[in-house]
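Report on the following structure.
Note that the structure is predicted; figures quoted are calculated from it, not measured.
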Amino acid sequence: MKITMIGTGYVGLVSGVCFSDFGHDVVCVDRDPSKIEMLNNGKVPIYEPGLDDLMSKNVEAGRLSFTTDLSAGVKGADAVFIAVGTPTRRGDGHADLSFVYAAAEDIAKACAAEGNPYTVIVTKSTVPLGTNRQVKQVVRKAAPDLVFDVASNPEFLREGAAIDDFMKPDRVVVGVQTDRAAEVMAEVYRPLYLRDFPIITTDLESAEMIKYAANAFLATKITFINEIAALCEKTGADVKQVSRGMGMDGRIGNKFLHAGPGYGGSCFPKDTSALARIGQEHAVPMQITETVMRVNDGIKARMIEKLRDLCEGTFNGKTIAVLGVTFKPNTDDMRDAPSLTIVPALVGGGAKVRVVDPQGFREGEALLPGVQWADDPYKAVHNADAVVILTEWNEFRALDLKKIAKKMKSPRMADLRNIYSAKDAKKSGFVAYVSIGRQDFEV
């Protein structure tokens with residue numbers, strides 16, 4: 001099959017590369033010439049483990065190409081995927097669909113100009129309920145004689161594990177209106193069907209809702225365990241033991257039950273906000289989701305107070321080393337990362353902040369003004385008053401804590417990912433250690 005992917009951001013590029021690895025002929029289209037030039041030179045504009053090698057493999061095999069020419073890209077395409085951004089709209093929390101509708105109009109005109117006999121236009125972007133029906137109207141208005149169908153195919157990729165998620169999905173969700181579109185989408189995902197991965201075919205609205213409901217539920221799990229963590233700190237319970245005991249219940253499961261400084265990233269903040277807005281528009285308030293959003297903001301504020309207490313009541317004049325600023329490990333994504341709330345509070349409070357992150361510099365340099373960047377945690381902690389573990393990169397999971405403590409002016413640690421333990425920190429020479437949902441210590 002020939003597949004066209006509109007947009008070479010995170011979702012579009014990963015999906016396009018993986019579709020080509022299925023054996024399809026894939027053309028990725030983007031209006032940004034610098035991005036296309038980079039891709040044609042074999043460089044990946046995002047950080048995702050394994051993506052560069054998989055991309056090179058399929059480019060060399062002749063199954064994957066990149067262009068700014070939309071007409072050439074959609075010519076003869078069986079399916080054209082829309083994978084453009086749907087950022088939160090300023091002021092009202094709704095998803096901004098202007099890029100989706102603009103792409104749909106351009107696709108319609110290009111497919112009509114190229115004489116495509118039949119095309120399925122697939123929305124891969126996360127969009128509110130009713131968007132795909134609106135996409136159909138946009139396409140029909142732009143190209144009245146075009147023979148096409150619209151499908152919804154939401155993505156469920158975890159940054160840092162996206163290729164594995166695409167190749168070995170928990171499920172693939174496809175929303176369609178016609179049998180013909182369902183047949184095309186079945187062919188698109190035929191390699192997964194042959195390997196018995198679940199492919200769920202629904203109506204358009206159900207597919208749209210599945211995406212939002214899934215992300216809101218996962219955000220709820222994260223927020224719930226963070227609230228439990230706060231209670232554990234007051235009662236003497238250990239949230240890691242509580243989480244493990246909860247997760248063994250098959251009805252609950254052990255994923256997304258790790259206490260931390262709050263959720264962030266490209267999906268959860270945006271999708272919970274959009275779902276809350278959808279509920280308001282339909283007079284069905286999403287009260288749980290709205291509470292989750294509010295509590296998550298409070299969790300980040302609570303982390304700042306934890307750090308202030310660790311620094312003896314003030315950040316002013318203190319040197320603080322921050323290990324990790326991306327919203328999770330194995331990505332360079334800084335969108336809505338807890339660091340964007342916590343680090344500015346440190347700098348604004350008068351602290352000198354040194355940051356170490358294996359991939360965070362590219363976005364973080366502009367997003368975190370006033371910090372110093374280091375390439376090694378042992379350099380970052382030199383004469384520091386505190387060290388904060390904010391992202392659980394593998395590089396930070398086996399630090400020589402004794403070496404860290406000796407290099408610090410005042411060996412104090414805030415382990416906001418519960419990588420270590422109070423016992424380990426105390427034995428290594430730290431005079432204070434705080435974590436999430438567990439007992440701390442201070443000499």
[atom1]-[atom2] distance between [X] and [Y], expressed to the nearest 0.5 angstrom:
{"X": "M5", "Y": "F19", "atom1": "CE", "atom2": "CZ", "answer": "5.0 Å"}
{"X": "N132", "Y": "S152", "atom1": "CG", "atom2": "OG", "answer": "4.5 Å"}
{"X": "H258", "Y": "S243", "atom1": "NE2", "atom2": "OG", "answer": "6.0 Å"}
{"X": "I200", "Y": "S206", "atom1": "CD1", "atom2": "OG", "answer": "10.5 Å"}

Any donor-acceptor N or O pair under 3.5 Å, side chains [X], [Y]:
{"X": "Y263", "Y": "D336", "answer": "no"}
{"X": "Q280", "Y": "E290", "answer": "yes"}
{"X": "E159", "Y": "S266", "answer": "yes"}
{"X": "T8", "Y": "D30", "answer": "yes"}
{"X": "S421", "Y": "D424", "answer": "yes"}
{"X": "S56", "Y": "D53", "answer": "no"}
{"X": "T67", "Y": "D69", "answer": "no"}

Report, as yes or no, whether the 6.0 Å neighbourhood of atom [atom1] on [X] holds more than 12 heavy atoms from other residues, nucleotides or ligands.
{"X": "M286", "atom1": "CE", "answer": "yes"}
{"X": "F217", "atom1": "CZ", "answer": "no"}
{"X": "D249", "atom1": "CG", "answer": "yes"}
{"X": "K2", "atom1": "NZ", "answer": "yes"}
{"X": "F224", "atom1": "CZ", "answer": "no"}
{"X": "F99", "atom1": "CZ", "answer": "no"}

With a 4.5 Å limit on heavy-atom distance, are the side chains of [X] and [Y] in contact?
{"X": "Q359", "Y": "M334", "result": "no"}
{"X": "L51", "Y": "V14", "result": "yes"}
{"X": "M55", "Y": "L64", "result": "yes"}
{"X": "P45", "Y": "L39", "result": "yes"}
{"X": "T220", "Y": "I288", "result": "yes"}
{"X": "V295", "Y": "I299", "result": "yes"}
{"X": "K168", "Y": "R195", "result": "yes"}
{"X": "Y118", "Y": "C111", "result": "no"}

Taking the side chain from [X] and the backbone from [Y], do they hold a donor-acceptor pair closer than 3.5 Å?
{"X": "S125", "Y": "V84", "result": "yes"}
{"X": "T178", "Y": "A181", "result": "yes"}
{"X": "D357", "Y": "T326", "result": "yes"}
{"X": "R140", "Y": "L146", "result": "yes"}
{"X": "E48", "Y": "A162", "result": "yes"}
{"X": "N153", "Y": "V174", "result": "no"}
{"X": "N226", "Y": "G260", "result": "yes"}
{"X": "T4", "Y": "G73", "result": "yes"}
{"X": "T131", "Y": "P128", "result": "yes"}
{"X": "D25", "Y": "M1", "result": "no"}

In terms of ring plane angle, is the pair Y189 and F22 parallel, tilted or perpendicular, where the classes change at 30° and 60°? perpendicular

Would you call the rings of W393 and Y47 parallel, tilted or perpendicular, where under 30° means parallel and over 60° means perpendicular? tilted

Can you name the nearest heavy-atom pair linking [X] to [Y], along with the distance?
{"X": "E365", "Y": "W373", "result": "N-CZ2, 3.7 Å"}
{"X": "G16", "Y": "C28", "result": "CA-SG, 4.2 Å"}
{"X": "S339", "Y": "V325", "result": "OG-O, 2.6 Å"}

Let me see the working for R63 and H24 under side chain to side chain contact (heavy atoms under 4.5 Å, CB included), right down to the final yes or no. CA-CA 7 Å; R63 293 188 295 265; H24 298 308; over 6 Å; no

Evaluate salt bridge (charged side-chain N to carboxylate O under 4.0 Å, His left out) for E392 paired with K328, printing each intermediate quantity in order. CA-CA 7 Å; E392 66 275 34; K328 62 181 289 188; over 6 Å; no

Begin from the C-alpha positions of E233 and K306 and carry the test salt bridge (charged side-chain N to carboxylate O under 4.0 Å, His left out) through to its verdict. CA-CA 12 Å; E233 291 174 9; K306 268 184 170 288; 3.1 Å; yes

Is the closest basic N to carboxylate O distance between [X] and [Y] below 4.0 Å?
{"X": "R180", "Y": "D149", "answer": "no"}
{"X": "E208", "Y": "R133", "answer": "no"}
{"X": "R31", "Y": "D106", "answer": "yes"}
{"X": "D238", "Y": "K240", "answer": "no"}

Report the C-alpha distance between R190 and E187 in whole Å, list the side-chain angles of each, state the deciding distance to 0.1 Å, and finish with yes or no for side chain to side chain contact (heavy atoms under 4.5 Å, CB included). CA-CA 5 Å; R190 178 177 168 79; E187 189 62 27; 3.5 Å; yes

Pair Y10-D333, side chain to side chain contact (heavy atoms under 4.5 Å, CB included): steps then yes or no: CA-CA 10 Å; Y10 186 85; D333 199 338; over 6 Å; no

Please evaluate residues M185 and V172 with respect to the criterion side chain to side chain contact (heavy atoms under 4.5 Å, CB included), reporting the C-alpha separation (whole Å), side-chain torsions for both, the decisive distance (0.1 Å), and the verdict. CA-CA 10 Å; M185 295 303 293; V172 174; over 6 Å; no

Using the side-chain contact (heavy atoms from CB on, under 4.5 Å) rule, pick out the option among T341, I436, V434, L390 that qualifies with M303. I436

Is the terminal nitrogen or CZ of R335 (NZ for Lys, CZ for Arg) located under 6.0 angstrom from the six-membered ring centre of F327 and within 45° of that ring's axis? no

